Amino acid sequence: MEARIREIVDGMTIEQKVGQMTQADIRKITPEEVRRFYIGSVLNGGNTQPGDAPGASFAQWRAATRAYHDAALATDMAVKIPLIWGTDAVHGHGIVAGATVFPHNMGLGATHDAELVREIGAATAKQVRATGIDWVFAPTLAVVQNTRWGRSYESFSSDPAVVRELGAAYVEGLQGTLGSDTSAVATAKHFIGDGGTDRGLDRGVNASSTVDLIAIHAQGYVGALDAGAQTVMASYSSTRDYGKMHGAGTLLTDVLKKRMGFDGFIVSDWNGIAEVPGCERDHCAAAINAGIDMVMVPEKWEKFIKKTARAVRMGDIPMARIDDAVTRILRVKMRAGLFERDPDAVVGDAQDLLARDLARRAVRESLVLLKNNGAVLPLRRDARILVVGKSANSLRNQSGGWTLNWQGMKNHNADFLTGDTLLAGIREVAGAANVVFDKTAAKANVASFDAVIAVVGELPYAEMKGDILFPAPLSESRLYPEDLQVLRKVAGHGKPVITVLVSGRPLYVNDLMNLSDAFVAAWLPGTEGKGVADVLFRDAHGAIAHDFHGRLGFAWPNTPCQASFAKAGDTPLFALGYGLKYTNPKQLGPLATPAAPPVCTQ
Ligand code: GLC
């Protein structure tokens with residue numbers, strides 16, 4: 001294979017080599033331009049769908065990927081090089097309407113179930129391959145140390161050992177047998193230290209010592225590379241000693257490629273090269289010289305090719321570096337079987353977008369029981385239930401970011417061609433006649449019910465839009481006052497209140513918890529909301545249907561400013577690994593709720 005690659009590279013012009021290193025967004029490049037400029041890769045960014053409109057059909061995805069693949073094989077090159085298309089299927093193929101969406105990584109981390117995560121990786125590969133896509137920008141291997149970060153939910157855990165184990169499992173599932181019809185290329189991202197920036201600032205500075213970079217932030221890569229991950233995405237963030245990761249040759253080349261022996265390719269993040277001092281969106285010799293092999297230059301790809309080719313001719317970028325980058329890209333494409341693949345061969349079908357039972361099982365296993373006073377849970381199926389809260393009937397809120405679009409905010413239940421809300425699950429097990437939904441608890445007479453289920457939490461966000469910027473407190477009731485209002489209405493009527501928090505991270509909830517008899521962390525469960533009712537209710541015979549399985553992958557704050565537990569002395573409300581079961585209940589007394597609105601110092 002290496003000899004074959006060398007022969008191909010030796011026969012390529014500079015423009016063809018640089019074109020091969022270029023990844024453009026399909027909104028900004030046509031198949032004809034892919035052919036004409038010898039483009040090696042395209043992506044659909046979080047807001048990009050075929051036809052440049054939301055809700056592209058399965059058939060439209062299939063047609064678009066086919067058109068781009070055919071174009072890449074129609075160049076005038078002696079040896080045609082197949083295209084590789086990347087997508088952010090970070091919790092299933094979430095951008096495709098009709099695809100099952102799994103819990104985000106924070107929920108999967110709470111399952112501590114590597115076999116489940118492996119199966120989810122495999123199911124995700126089938127979903128993307130059915131749409132003609134070969135490469136997934138996942139798993140995120142951030143070991144998040146500060147939950148102010150808007151990408152905390154993309155992290156399995158603050159515990160590096162959990163990230164290492166689950167990251168490896170996800171890569172094994174996703175890639176399976178490279179080159180097979182059910183394999184997709186994985187991306188270990190974002191190298192290195194994205195989850196350890198000061199105060200969790202997105203794209204900020206990770207001031208860790210080298211020891212901590214290795215012991216905490218590198219562990220996911222040890223697992224993922226051992227599992228054979230073929231690509232790595234560079235992080236927007238910086239490290240204390242090496243600056244912006246996109247220009248950090250010591251880490252990208254000396255550490256990752258040489259000492260860790262990574263022989264796949266490194267892809268930059270979306271316009272990530274522009275963040276390297278002295279660089280632009282369409283040109284950065286420093287990033288390529290540092291070890292970036294494929295450049296995600298979504299819009300300005302034509303200028304990028306011209307400027308980079310000139311830089312090669314001027315000697316600013318050694319030809320050997322270009323040849324190494326192209327060699328790595330061809331190596332991954334050959335390992336992925338792209339050279340052998342018949343583009344007319346159809347892999348999978350729309351059915352492969354669905355994995356509802358697997359996702360529902362993941363939801364069940366991800367739930368963490370934090371409080372269950374008086375053993376009010378599990379509920380009997382014949383109980384009369386009042387359901388309240390803004391996230392009980394919202395596929396948007398339960399799926400979070402990276403769903404149908406980048407932020408996940410503009411979604412309505414009707415946009416999801418598949419999926420069940422938590423309310424749908426409650427109605428199914430308790431019987432619709434026994435269930436009343438009153439989102440704001442405006443009208444309902446609580447006393448006439450046996451129990452109240454309040455589903456509250458965060459609205460969707462992605463990346464920097466989800467940052468809780470210092471010094472704002474991470475207090476749920478300050479961020480979302482409507483949730484405390486609802487609980488104040490339904491508590492104190494002598495009926496048990498079960499609160500389900502749908503959020504992308506732990507938050508300070510002592511005030512909400514004091515108004516709840518039971519409290520469940522549900523994270524961002526995705527489309528299969530019925531998994532929640534599976535656990536909250538007994539089975540038809542009155543026995544426990546599914547006990548809680550989840551355990552915290554992140555410590556839970558006891559004060560409104562506890563975003564990080566890296567320093568000793570920060571005592572959490574619940575420690576890493578905490579989780580009650582029906583078989584081992586524990587009473588929780590009233591919690592302290594500081595009166596004055598805090599000004600955080602961390
Ligand atoms: C985003 C994210 C990265 C994603 C890429 C393509 O900005 O940082 O995780 O894979 O762009 O959407």
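It should be emphasised that the depicted structure is a prediction, and the values quoted were computed from it without experimental measurement. Basis for what follows: all heavy atoms, side chains included, without hydrogens, waters or symmetry-related copies. All ligand and atom numbering here is 1-based and tracks the order in the structure.
- Classification of the H91-H104 ring pair by plane angle, with boundaries at 30° and 60°, yields parallel.
- Nearest non-hydrogen protein atom to atom 11 (O) of ligand 1 is D269 OD1, 3.1 Å.
- A salt bridge links K244 with E275: the distance from a Lys NZ or Arg NE/NH1/NH2 to an Asp or Glu carboxylate oxygen falls below 4.0 Å.
- Ring geometry for W61 against H93 counts as tilted: the plane angle lies between 30° and 60°, on a 0 to 90° scale.
- Polar contact with ligand 1: absent for W402 (N/O pair, distance under 3.5 Å).
- For ligand 1, the polar-atom distance check against W270 finds no nitrogen or oxygen pair separated by under 3.5 Å.
- Residue contacts with ligand 1: E463 is placed with a nitrogen or oxygen under 3.5 Å of a nitrogen or oxygen of the ligand (distance criterion only).
- For the pair R203 and D467, the salt-bridge criterion is not met [side-chain N within less than 4.0 Å of a carboxylate O].
- By the 4.0 Å heavy-atom criterion, E154 is excluded from the residues contacting ligand 1.
- Here W135 and F265 bring their ring centres to under 6.0 angstrom of each other.
- Those atoms of ligand 1 with a heavy atom of Y236 less than 4.0 angstrom away are 7 (O), 8 (O).
- Taking the charged nitrogens against the carboxylate oxygens, R240 and D212 have no contact shorter than 4.0 Å, which rules out a salt bridge.
- Taking only non-hydrogen atoms, the option from Q23, H190, M233 nearest to atom 9 (O) of ligand 1 is H190.
- The closest protein non-hydrogen atom to atom 10 (O) of ligand 1 is D88 OD1, 2.5 Å.
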